[in-house]
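Written out below as structure tokens is the structure these notes cover.
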Amino acid sequence: LNHIRGDVAGSWRNLCLSNIETYLAGSKAPDDQFKDFKNHVLHVRDNHWGGAVGATQKWYAATVEALRAKKWNDAIFNAGVLSHYYTDPIQPFHTGQSEAEGIVHRAAEWSIACAYRELTDILEADLGGWPDVAVPEGDDWLAKMVLAGAALANPHYEVCIEHYDLKKGVKDPPSGLDQEIKDRIARLIGHAVVGYARIMERAFAESEAIPPATNITLLGVLARLTVPLFWVTKKLKDAKERAIVEATFREFEATGKVIETLSDDDFAIRKAHCEEVLKKPLAELDEEEPRPIGTAHGIGTPTRPRPMKKAATPSFVVAEKEQPSPKAIPNERAKSAEPLKVAPAPPTST
């Protein structure tokens with residue numbers, strides 16, 4: 001939200017912040033509600049297998065339509081959904097598929113989430129700051145942006161598998177990441193954040209909507225209260241994630257693979273990729289030996305001291321008087337899992 005530009009950027013930011021729960025619910029809906037996991041990936045080396053491009057385009061159109069109709073709550077929810085489909089392919093593990101990836105995918109994502117503030121500090125202090133992300137020309141500009149994000153992330157796929165230390169990550173999530181991974185992921189976070197801001201700017205402009213006035217006093221209250229509330233919910237989520245990752249680690253130590261404790265999304269993608277791309281029985285894939293993991297942890301970019309945080313830097317800025325100008329751990333999971341679900345159509349105005 002801080003990267004949205006324009007004369008009334010602050011008013012759009014305030015609208016999102018005043019509907020923060022709806023915004024975040026939308027961002028989690030593809031995982032929690034739709035479970036259309038094939039739409040969360042874009043496998044660059046498999047002829048762009050996956051549905052991320054279409055899903056991003058669909059929810060961009062739904063966001064613009066709701067903005068145009070002044071259905072603010074729908075617009076904020078749709079924008080949250082849009083953020084998920086656009087940013088998922090900028091995570092390297094959403095751009096390819098392998099048996100080794102299944103071992104580290106969930107744990108590495110947990111480590112990245114726990115180290116998020118450190119990663120943005122690295123981006124700002126060590127890597128030149130937030131990048132410029134250009135919006136391509138042409139009617140297919142959004143598809144090009146999704147494809148570009150996946151192309152940027154994919155070269156890091158094997159590196160993340162080789163450099164992530166699962167044993168360390170299970171005990172202390174951030175320690176599973178070495179400096180090599182941190183620098184690579186920090187740059188991808190920069191691209192995802194700024195790219196999404198450019199997409200939202202385009203949606204606001206295309207809708208020709210004028211942002212509504214928001215209650216600044218309410219936002220002041222939110223700025224004070226949501227930090228401890230989010231901290232509590234984050235701790236609860238961490239406990240759940242730890243249980244899932246620990247179960248994954250136990251299966252890996254016992255069998256050398258991870259199948260039964262894969263998260264629902266990883267399990268569904270593995271099965272669909274096996275059937276549609278590899279075109280071989282799942283039982284045959286089950287017998288495949290994964291490549292070693294974590295063998296390059298600590299090799300490459302030398303460890304650097306953590307960048308100093310800026311003192312008292314707010315996570316967002318409220319525009320005070322801006323006026324607009326006219327998942328659970330699976331046990332005995334059946335190999336005949338249900339087909340991948342398709343997300344419901346976005347709400348349309350009447």
Side-chain angles (χ1 to χ4, degrees), residues 26-56 58-59 81-110 112-113 146 149-150 153-154 157 160-161 237 240-241 243-249 251-252 255 257-288 290 293 327-346:
S27 74
K28 294 182 289 185
D31 282 342
D32 297 346
Q33 297 178 36
F34 308 156
K35 300 184 184 295
D36 57 334
F37 299 125
K38 186 176 175 180
N39 289 340
H40 303 202
V41 303
L42 192 61
H43 290 186
V44 173
R45 302 174 210 175
D46 295 322
N47 196 28
H48 296 104
W49 181 83
V53 170
T56 303
K58 179 170 73 173
W59 286 94
V81 176
L82 169 64
S83 75
H84 192 119
Y85 290 119
Y86 169 68
T87 61
D88 253 4
I90 308 175
Q91 208 281 38
F93 292 152
H94 288 242
T95 68
Q97 185 68 30
S98 67
E99 291 300 276
E101 176 214 318
I103 299 170
V104 301
H105 188 143
R106 186 66 174 257
E109 285 191 334
W110 183 39
I112 291 167
V146 179
N154 184 251
Y157 181 86
C160 288
I161 293 172
K237 188 175 187 297
K240 179 181 177 182
E241 286 297 311
I244 294 172
V245 171
E246 286 177 347
T248 298
F249 181 63
E251 182 182 0
F252 170 64
T255 69
K257 286 177 69 87
V258 174
I259 299 174
E260 293 300 323
T261 55
L262 285 172
S263 61
D264 289 343
D265 53 343
D266 290 342
F267 185 86
I269 290 297
R270 177 178 182 266
K271 182 175 184 293
H273 182 267
C274 183
E275 295 171 349
E276 299 176 21
V277 178
L278 301 180
K279 299 185 184 302
K280 62 183 182 181
L282 194 60
E284 184 177 331
L285 185 62
D286 290 346
E287 298 301 319
E288 182 180 306
I293 63 169
K327 288 177 185 211
I329 304 171
N331 292 320
E332 295 298 325
R333 188 190 265 123
K335 293 296 187 290
S336 58
E338 294 182 4
L340 292 178
K341 297 181 180 180
V342 178

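Not measured: the values here are computed from a predicted model.
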Residue list, salt bridge (Lys or Arg N to Asp or Glu O under 4.0 Å) with Glu275, at least two apart or on another chain: Lys271
Do the ring planes of His40 and Phe37 sit parallel (below 30°), tilted (30 to 60°) or perpendicular (above 60°)? perpendicular
side-chain contact (heavy atoms from CB on, under 4.5 Å) with Ala150: which residues, sequence neighbours excluded? Leu42, Val44, Pro89, Thr95
Gln97 side-chain N/O to His273 backbone N/O, donor-acceptor pair under 3.5 Å: no
Nearest heavy-atom neighbours spanning Asp36 and Pro30: OD1-O, 3.7 Å
State whether the number of non-hydrogen atoms from other residues, nucleotides or ligands found under 6.0 Å of Lys280 atom NZ is greater than 12. yes
Sequence-distant partners of Glu99, side-chain contact (heavy atoms from CB on, under 4.5 Å), two or more places apart: Lys257, Arg270, Leu285, Glu288, Pro290
Just so I know, are the side chains of Phe34 and Asn39 near enough to count as touching, which here means a heavy-atom distance under 4.5 Å? no
Ser27 backbone acceptor or donor facing His84 side chain under 3.5 Å: yes
One pair to check against side chain to side chain contact (heavy atoms under 4.5 Å, CB included): Trp49 and Val41. What are the steps and the verdict? CA-CA 8 Å; Trp49 181 83; Val41 303; 4.0 Å; yes
Contact summary for Ala52 and Thr56, nearest pair of heavy atoms: O-OG1, 2.7 Å
Could you work out, with ring-ring contact (aromatic ring centres under 6.0 Å, His included) as the rule, every residue matching His94, not counting sequence neighbours? His105
Run the side chain to side chain contact (heavy atoms under 4.5 Å, CB included) test on Ile269 and His43 for me, step by step, so that the C-alpha distance in whole Å, both residues' side-chain angles and the decisive distance to 0.1 Å come before the verdict. CA-CA 11 Å; Ile269 290 297; His43 290 186; 4.3 Å; yes
Is it the case that the side chain of Glu101 and the backbone of Ile161 share a donor-acceptor pair, with hydrogens and angles ignored and the cut-off at 3.5 Å? no
Under the rule for ring-ring contact (aromatic ring centres under 6.0 Å, His included), what residues qualify as partners of His48, not counting sequence neighbours? none
How far does CD1 of Ile293 sit from OG of Ser98, to the nearest 0.5 angstrom? 10.5 Å
Across all chains, not counting sequence neighbours, the ring-ring contact (aromatic ring centres under 6.0 Å, His included) partners of Tyr157 are Phe93
